[in-house]
Amino acid sequence: MNFNYLWEKRKSIIVTWLVSYSAVLFVPMIVSLLVYNQSSQALKSEIHRANDTMLRQVRYTIDTQIDLMKRLNMEITWNTKLQDLMYSSKSAGDAQFTAYQLVKELRMYQTSYASIDEFYVTWDQEAAVIRPGNVRDLETAFNTIHNTGVMSYEQWMDTIHHSANNRFLLLPHLDSAKPQTGIAYLIHLPKDLNGKETGTVVVIADIGRFQKAIESISGFSGGQVLILNEENEVLLSNLPVSINQDNLLKHLPDDGGSDVMNMPIRDGDSELFYIQSAVSKLKYVLVIPSSIYWEKAEYVRRFTYISLFISLLGAAVLTWFFMRRNYSPIQQLVQLLTDKNSHEERTDWNELSFIQRSISNTKSEKDKIALQFQIHQNVLRSNMLNRLLKGKMDTLIPYEEAFKSFDMKLLSDDFAVILFVVENGESLSANLPGIDINEKHKLIQFIISNVVEELADHYHHVGYAAEVDDMMVCLVNGGESESSDLKADLEAIASEAQRFLGSYQMDLTLSIGGIHSSLTGIAEAYREAVDAMAYKMVLGKREIITYDEIRRDTTDNQQFGYYYPLQVEQQIINLIKVGDIEQASKFINDVTDRNFNQPIISLTLARCLVFNLVGTMVKAINELGDGDSSILGDNPLWMDTIIACDTLLEMKHELQTLLNKVCAFAAIKLESNVSHERAESLRDLVTKVTTHIEEQYSNSNLSVNLIGEHFDLKGSYLSKLFKNQTGEGVLDYINKYRIEQAKRMMGSKQDSISDIAKLVGYNEAATFIRVFKKYEGITPGKFKEMN
């Protein structure tokens, strides 16, 4: 049993400390002996290896980022959309569409390469830059990406077009942290078939992504770390480059292997370590001052002797003393927690883990209790405000004490109520995707509550918000000020709340009740605010309505009537019947203005006026003789649409829309009636002309002009009208009728051709024969033989 107890006790913190202190005692002794027995060359070798490792770590970290930059550059370069855009002949519209498709694909690259801070493609043909999400002209792109004040636009253009291909260089980056610079990798796209430049692909990673790797090795070695490009130009350094280091960098070869090299320095004041990037032509250089380099070696050597002496003399005494001293409070705390949770069996023999678990459980229980308490408090506070606002005061509860229990201060006996109605709740909910509808509603309430309560505090009052009947209500308790000041402050609070929340696309209608003293006046203030909100129909949405504006003084003898006389209605009907929308709109606007522009108008009379105007239009349609017309059948919801309007302004808008439709219908109807009358008149004229020809066909002087004079018309105009109605001219009709009469005579009489010609109006037989043959195809003599 004792053995098992001791075995479990091995997990105790005192055992861990004992092992740790023993290691503190023996490890330094062993290390000191090893260091003492090592030569300075061995120490130098260890330092070389440490710097080598750190430098390789830097290379690995930075090469990973560089490799991502090169891979992204290659993917963009060989993108089919980019190739199609740069090397195919397209119209301007097709090119822009291809650029638009390319922009969308660049967005995908932006998601896949999250560690790349910026990339784009210059489009030389259009002098533009193609980025993920947009296409911008060169100057706009420069101002958006690079314009930090370090590089001018001309310098950037020169860098983009004339830098060597596949080159790393520094470019300013506006969106990066200080110093707003990034390492850029440039690749020039091949020229097109005409030998013209096409563009350049630029990929940028901010210096901050490389800075951490540099800081780790510079902080470890105390030296300077530099990143060089293939021309040995410094891209990044943790310290300013000195003159000696510039001379040192001249000794670096243009191309080197991937191994680390130790290069001697002529003046002997620095130690240099150099490594070549495995994925690019970059070089990583570590420069350590010789004084720091050898100081560490000397310090280690001296520390070996000192640590050995101290370890032998005091380690044993200190180990026992601190272990006893540190363990005593932990032991007492464990005992206290064990007594508190005595109903639980202790299974964790590590004191620190046991304490951590106990404290965590206690904190979780406390948080749960606090959360439940806050929820219940909010519910009770909201319920109390609801009862106060609706006048359901519980006399058994002293409300002054209730306010104190909810941490609600009362500054004075003056109270007022502000109502808030969100007019665009549906659009606001649509702008919050991924959130439950109840959570959206609570979020909107939370925003309004915080804003209005803070504004009330700003004006040295207190405000308490709650939801009542789907409206946000703020009970305002005035500070120590006059009632007139409180009234002005209420309007200022409402105005600022509407303006501030409007900047977040929240359209609000607000109403303010009167100012009342004592808690019993709160219900009256709420009722007045509700009455004021009802006048939203008259005054419109997104307004601030105060009860004082709509209150009607009973001692005021001013009366406001209802203006819509019968003669005005008849004038509107007449104007609608003739389709005169301009005059009809003018009369209706005059009626609505004379009713709605009064200081106060009854909501019932306002609705009645709108419905009477709608009835006027229905009467006009019926008087047009089309009471069952399609315009009424096709619009069965006219009245429902108007009734559903929240404000008189919306009603007037729907009324104007209805007026436009009715006037258009009336105009079409009127035009149809006029066209019908004209057609009847033309048909009557044609009948009269044909009758006149049939009566006067034997008159040899009968002609088109003579007939026109008979009907008071020009002969040519009469012939045109006749032809439009019958399809043939008047002269043709005369000749055809005479020939028909001649054929009838030749079948029933034995008169000669010459006599018959005179009987049907031809003085000369030759003319008769020519006309007869034109219409019948044979001569009159032949026709007579045949019959």
Side-chain angles (χ1 to χ4, degrees), residues 65-66 69-70 72-74 76-79 82-83 85-87 95 99 102-103 106 116-132 134-210 226-237 240-241 246 249-250 252 254-255 277 280-283:
Q65 182 67 25
I66 293 299
M69 295 172 66
K70 295 183 69 175
L72 175 58
N73 207 314
M74 180 174 293
I76 295 175
T77 301
W78 291 102
N79 183 280
L82 181 63
Q83 296 289 324
L85 181 64
M86 296 295 181
Y87 302 109
L102 178 59
V103 163
L106 291 183
I116 303 300
D117 298 284
E118 182 64 53
F119 61 91
Y120 57 84
V121 181
T122 63
W123 187 8
D124 292 350
Q125 182 180 354
E126 296 292 333
V129 170
I130 302 175
R131 298 179 63 202
N134 59 61
V135 178
R136 295 287 185 270
D137 62 88
L138 290 172
E139 188 165 357
T140 300
F142 169 75
N143 290 330
T144 303
I145 303 172
H146 299 296
N147 191 9
T148 64
V150 175
M151 174 184 284
S152 66
Y153 173 76
E154 290 76 17
Q155 291 173 331
W156 173 66
M157 290 295 296
D158 183 69
T159 301
I160 292 298
H161 291 105
H162 300 103
S163 296
N165 202 16
N166 298 331
R167 186 186 177 190
F168 290 89
L169 48 81
L170 292 177
L171 284 178
H173 188 210
L174 190 62
D175 292 336
S176 65
K178 296 292 185 181
Q180 292 186 311
T181 305
I183 296 179
Y185 180 55
L186 277 69
I187 286 186
H188 298 301
L189 297 174
K191 298 180 179 179
D192 60 14
L193 297 178
N194 297 323
K196 295 183 179 179
E197 298 292 339
T198 55
T200 303
V201 181
V202 181
V203 179
I204 303 175
D206 289 342
I207 284 181
R209 299 193 179 275
F210 306 92
L226 304 97
I227 301 178
L228 312 178
N229 60 15
E230 58 183 317
E231 288 84 11
N232 289 340
E233 296 175 349
V234 178
L235 297 180
L236 182 61
S237 173
V241 180
D246 280 342
L249 296 176
K250 294 179 181 179
L252 292 174
D254 292 336
D255 296 308
S277 171
S280 66
K281 294 183 180 182
L282 296 180
K283 305 179 185 69

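Values in this document were obtained by computation on a predicted structure and should not be read as measured data.
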Do you know which two heavy atoms are closest between [X] and [Y], and how far apart they sit?
{"X": "Met151", "Y": "Thr159", "result": "CE-OG1, 4.1 Å"}
{"X": "Ser152", "Y": "Phe142", "result": "C-CZ, 3.5 Å"}
{"X": "Val121", "Y": "Leu189", "result": "CG1-CD1, 4.2 Å"}
{"X": "Leu85", "Y": "Gln125", "result": "O-OE1, 4.5 Å"}

Determine whether Val129 and Thr122 make a side-chain contact, defined as any pair of heavy atoms from C-beta on separated by less than 4.5 Å.
-> yes

Side chains of His173 and Glu118: does their closest heavy-atom pair fall under 4.5 Å?
->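 Yes, at least one pair of side-chain atoms sits under 4.5 Å.
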
Report, as yes or no, whether the 6.0 Å neighbourhood of atom CE on Met74 holds more than 12 heavy atoms from other residues, nucleotides or ligands.
->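 Incorrect, the count does not exceed 12.
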
Which of these, Leu72, Ile116, Asn166, Val201, sits in a side-chain contact (heavy atoms from CB on, under 4.5 Å) with Tyr185?
-> Asn166

Check whether the side chains of Asp137 and Thr140 place a donor and an acceptor atom closer than 3.5 Å, and report yes or no.
->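 A donor-acceptor contact under 3.5 Å links the two side chains.
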
Expected output: side-chain Asp192 to main-chain Asn194 donor-acceptor under 3.5 Å = yes

First locate atom CD1 of Ile145, then atom OH of Tyr120, and finally report the distance between them rounded to the nearest 0.5 Å.
->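 Here the interatomic distance stands at 5.5 Å.
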
Indicate the ring-plane relationship of His146 and Trp156, choosing parallel, tilted or perpendicular according to the 30° and 60° boundaries.
->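 Tilted, since the angle between the ring planes falls between 30° and 60°.
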
